[in-house]
Participant: 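Sharing a structure below in structure tokens format, with a few things to ask.
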Amino acid sequence: MGSISKRPPPAVPHGFNADYLRIYYGKLFPHVDFFKWLSYGNDGKHPGCDQSYVGRREFSFTLENDIYLRFQSFDSVAEMENSIKEKCPFKIDIGPPAKRHAYAQSGNNVFVPVERELIFDIDISDYDDVRYCCSGADVCKDCWPLMTIAIKILDASLRGMLFCNDFGFNHILWAYSGRRGVHCWVCDSRARKLNNEQRAAIADYFRVYKGGENTMKKVSLTGPVLHPLLARSYTDVLKCFFEDKLLLSQQLFASEERYRKILDLIPDENIASELHDKWQGNRRSSISKEDVNATRWEQLKTTLQSGKQKAQGLRRCVEEIVFSYTYPRLDMEVSKHMNHLLKAPFCIHPKTGRVCVPIDPNNCDDFDPTTVPTLSQLLGELNADGLHSNSENDWERTSLEKPIRFFRTAFLQPMLKACKEELESAYNAKLQQSKNSLACYAVVLAIPDSQRQPLRIISSPTNTTKPPFLYAARALQPDRRVRTNQDARAAAADRHSEPAMAGSGGATYYKGGIKAYWKRRGYGRLDAVSAQRRPRLPTAELGRGAGQPAAGRPRRGWRVRRRGLGRRLLRALSPRRWLARLRDAYVGAMLRLASSAAVGYAGAAPYGAGADPFALPRPLKEYDEKALVEIYRSILAGGGGGVVPVPAAAARLPASTTVA
Amino acid sequence: MEIVRSHRQIAAAAAGGGGGDGGGRAGGLPTYRLAPQLEVRLEEFELFAIDRLGVLKGIADGLSRGKRPEEMEKLVNELWKARMRRQDPAETLNKDIISHFVLRLVYCRTEELRKWFLSMETTLFRYRFRLESHESQRMLMSEFQLPYKALPHLEFEAVKDKLSQVARSIGQSATVESVFFKVPFEEVPDLVASRRVFLSKGYAYVAMSQVVSLVVTQFRCNISKALVLTNRKWMATIKEEEKDRLTPIVEALSNAYFGPDYSQPKDAVEISLKDIDQLARTSFPLCMRHMLEKLRENHHLKHGGRMQFGLFLKGAGLKLEDALAFWRAEFSQKVGSERFDKEYAYSIRHNYGKEGKRTDYTPYSCQKIISATPGVGDHHGCPYRHFGEENLRAALNKMGVSGHPLEEIMDKVKNRHYQLACTLTFEAAHGVSCDTGINHPNQYFSESQNMLKAKNQAVQSQPTT
């Protein structure tokens, strides 16, 4: 290996440098979704949220020239976004949320991970002994399927599906690692709470391939039948893959060196040498019609499985060969310990410039690592119809759109929904507990709500686990009334319909205990900021009309909500919606007009000469300002619709030949 | 003596719990929930502890030899009989309980001690549980308050095929046991790890014969918590209070069995860079010799190898500067010295306690090396355990071991006595017997060095006389 892998000198653009990265983080990286994911619902306003949760998670940045910044943490998405934009890390790793060990005896900086996604890491370079098309960090379409079947096997076992669901996890994110492998994040709260031993157990459950460089036979399957996991993997995935694809694509029996490797796995030397002689003899003749690999594999199978081979080891040998060539090889250490860092999705691999996009396990056959968007490609796309953005999210105009949408819809939203539900039930359980302990508190004071003075419960706690709550009467305008959110059933009910308390008016009846009484009277907790809960993720997507709530728009508190058809009909007919649609249609049409070749400049793709704007070494800074002004004018002249002023960051977009 | 006796029943009842009177349960298995309130004479305090430590140490030995469960069961049974059994079952129980709580005190003080004690006690409990009758097994289960009920018949029929498939896959008969428990898979990590249960939707279907795993998980959890609590108490009060009485005993006991950890080279031995190859030929154990060879060949070692070999060199007396120079000389040929400085130098300094949390890492013991799981491209681990037979023979031949000793070594390997095999290799290579056995690569190294030194002195002194 003479190639000393050093970063090329900056004079040679290679599709990855800090300037490009800065634009990527500024315009494309999905900060909000990313942060939402890692806060697992704890960033909401629900009183059950652990606000410190996400701030305890370790992020690690790798800056240019391999400078490591470990133990970064962020309390809010803005903080994270700013830090990422400012530091512009070449790589972001995600660590576990930790807490300082209260009883740490040694050192003063001992952090203990409190939970951790269950993670798996599979690298194609671990398959080097069974692939002949590439080696090391290279991949091609011939060997990538090895990753695909690894995804299939693990996903089927981890995920709760109908027939094969060993572990019953639901929220699993598969991501391309950017160069040579895949990462898997299992994010169910149950998975996050596993301890090291349990993690190791799961990793071991999947492990079939054993042994280092110094053993011939790495897979040994014992017992008269296979465990359901292995049997299922073999019949559903591995066998077909080996026979239909791998045999041919890797030419496993094509040369002596290669088939010798397979014959070495046969414990019976006689059979091995018999086959060896046979194949060596007819090397020439058999190349006629049928593929030599398939025929030789058939011969091997019939020899091993024929009736006279009674010994069980030999019958099992066919399976062992298939397993050692195809079964997923996990990097065990990554999965075993909670404190392992793993590269975040949506990072860019510095060597390849490819984005670590999520992979859809249901369509993983279609995933092709060579067509994953690269940094340079994305910036090209950003430039291509650069400045008339019809959306507030720049990524919607690039090939990052599909991955981000997939991340949202298939992974993030269902997961957050589950997190919310869990938070809610945990919170309610806690409340129930405190309610029980509250029941023995003696209430001394009750002030009628007309006086609107803070109401303090003076209590004589017999058990001191819970501090007494502070309650205050809130102003009682019907719409501003704060929901107290304390009774589980009421909470569940008022998500859909009018909360019970509105109907109760001022009538005082003592049913359901003191808490319910306060609630009916409209008292709210002082320390709870507000009591919103909505399982839906507040995403801002302009193109979708006004039906969805936009981020940051004030919530409406509680109000009469119609359910079902009526509500939908009402929404569909609402004039606001029509107006929004009209606006969208207009904007869309104008944009199409602006980007068509008929109008001025845009058709020529402002900067994009060909697919790769980085193909030619060019100094970047010279025409930026000039070029931008030009484009801006030409679009204005063409009557383009949604032109926005160019933000400062865009001024540093790379230029190329056409703009001279 | 009388006072002590009067408290014995209490001890049995308190710690044994559940099983009624201690005498009623022959070979009763206590769960060590509560520390007994009783007086123990100081010499018993220590003697009982030493006896139990002997058992635990024996178990550790057995584990490191990679014994099979059946062998372990036999071993535990024998150890127990030899060291703990007394004539009166009640007294056995008493000794059992007292010694456990003494050792708990001894082994609560550092993370490493706790870990060792926990895993040994758990293993001991596991095999003792297996020796119990079904009756008392059930009793213990209820004592741990495991909330699991046997699988209802309907559900059982639905998964019967799968259950029998699993049973056959681990070499049991195809007829399925009828009593199964459906538990969250987190409760039985060991069964999951070895694929000995059927998993579905996050539940593991545990057969009655595997119930030991459930109980052991619970047991382990209890002891683990108790150890942390004990530690806190020890640190806060007991250590001071017992400064003159128990503390010396306790501290001596915990040191007694770990032996030197080789983190600091003994007697300030130093080895220098230029000696490494020569020393490797004479005094390195096979695992280290192999890694050095591979390092020279590939100019690279993967992480596991760097740890195992690097820490060994450190233990053997290689200074940090020399270590950096050593690794740089090799790695720079493959990755360039710039990248070495960036990516690898840190972890070497880290090993020497100069970076990060600044722990002075100890060289790996044989037990740790044997239980390693080298993956693709890895060269670390124990050759006797992780090499294929052909490769091992070749490697031993290269060391100059052949003929009868070689066969003997291979025989030990087949019976999974890896450390014995290593000891035999030592003997074959040095032509002397090694009575202590090899437990640590650095022990191999220092014993070899001592022996060579003695030989040299003998040679030097001969001409003068």
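Here the structure is a predicted model, which is why all the values come from computation and not from measurement. Residue numbers start from 1 in every chain, and the chains themselves are labelled A, B, ... in the order their sequence lines are given, proteins ahead of strands.
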Participant: I need the full list of salt bridge (Lys or Arg N to Asp or Glu O under 4.0 Å) pairs touching residues 188-200 of chain B, with sequence neighbours left out, sorted by first then second residue.
Facilitator: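 Sorted pair list: B:R126-B:D190.
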
Participant: Can you spot which of A:D121, A:D129, A:D126, A:D128 makes a salt bridge (charged side-chain N to carboxylate O under 4.0 Å, His left out) with A:R329?
Facilitator: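 Running salt bridge (charged side-chain N to carboxylate O under 4.0 Å, His left out) over A:D121, A:D129, A:D126, A:D128 with A:R329 returns exactly one hit, A:D129.
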
Participant: Is it the case that A:Y205 and A:D166 place a side-chain donor and acceptor less than 3.5 Å from each other?
Facilitator: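 Indeed, the side chains of A:Y205 and A:D166 share at least one donor-acceptor pair under 3.5 Å.
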
Participant: Indicate the atoms forming the closest heavy-atom contact of A:R131 with A:D138, along with that distance.
Facilitator: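 Of all heavy-atom pairs spanning A:R131 and A:D138, the closest is NH1-O, 2.7 Å.
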
Participant: Who in residues 188-200 of chain A is close to chain B, using a strict under-4.5 Å heavy-atom cut-off?
Facilitator: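 Counting heavy atoms that sit under 4.5 Å from chain B, the residues of residues 188-200 of chain A involved are A:R190, A:L194, A:E197, A:Q198.
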
Participant: So if I apply the side-chain hydrogen bond (donor to acceptor under 3.5 Å, both in side chains) rule between B:H379 and each of B:H290, B:H300, B:K294, B:H386, which one comes out positive?
Facilitator: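 Of the listed options, the one satisfying the test is B:H290.
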
Participant: Checking B:P184 against chain A: side chain, backbone, both or neither under 4.5 Å from a heavy atom?
Facilitator: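 Both backbone and side chain.
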
Participant: Based on non-hydrogen pairs under 4.5 Å, which of B:A193, B:A204, B:P383 is most in contact with chain A?
Facilitator: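 Ranked by contacts with chain A, first place is B:A193.
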
Participant: Which region of A:L330, side chain (C-beta onward) or backbone (N, CA, C, O), has a non-hydrogen atom less than 4.5 Å from a non-hydrogen atom of chain B, or is it both or neither?
Facilitator: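 For A:L330, no heavy atom lies under 4.5 Å from chain B.
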
Participant: B:E186, B:K302, B:H303, B:H299: which one forms the most heavy-atom pairs within less than 4.5 Å of chain A?
Facilitator: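 Top count of heavy-atom pairs under 4.5 Å with chain A: B:E186.
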
Participant: Under the salt bridge (charged side-chain N to carboxylate O under 4.0 Å, His left out) rule, collect the residues that match up with B:E70, sequence neighbours excluded.
Facilitator: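 If we apply the salt bridge (charged side-chain N to carboxylate O under 4.0 Å, His left out) test to B:E70, skipping adjacent residues, there are no hits.
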
Participant: Please look at A:L230 and chain B and tell me whether the side chain, the backbone, both or neither of the residue comes under 4.5 angstrom of a heavy atom of that chain.
Facilitator: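 Interface part for A:L230: side chain.
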
Participant: Counting heavy-atom pairs closer than 4.5 Å to chain B, which one of A:I202, A:D204, A:I67 comes out on top?
Facilitator: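 Heavy-atom pairs under 4.5 Å are most numerous for A:D204.
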
Participant: Does B:K398 have any salt bridge (charged side-chain N to carboxylate O under 4.0 Å, His left out) partners at least two apart in sequence or in another chain, and if so, which?
Facilitator: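 Once residues adjacent in sequence are excluded, the partners of B:K398 under the salt bridge (charged side-chain N to carboxylate O under 4.0 Å, His left out) criterion are B:E293.
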
Participant: Evaluate the ring planes of A:F167 and A:F169, with Trp represented by its six-membered ring, and classify them as parallel (under 30°), tilted (30 to 60°) or perpendicular (over 60°).
Facilitator: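 Ring orientation, 0 to 90° scale: parallel.
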
Participant: Do B:H380 and B:Q308 have a side chain donor and acceptor closer than 3.5 Å?
Facilitator: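 There is no such pair between these side chains.
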
Participant: If I measure from the heavy atoms of chain B, does A:F206 come under 4.5 Å with its side chain, its backbone, both, or neither?
Facilitator: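 A:F206 touches chain B through backbone heavy atoms alone.
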
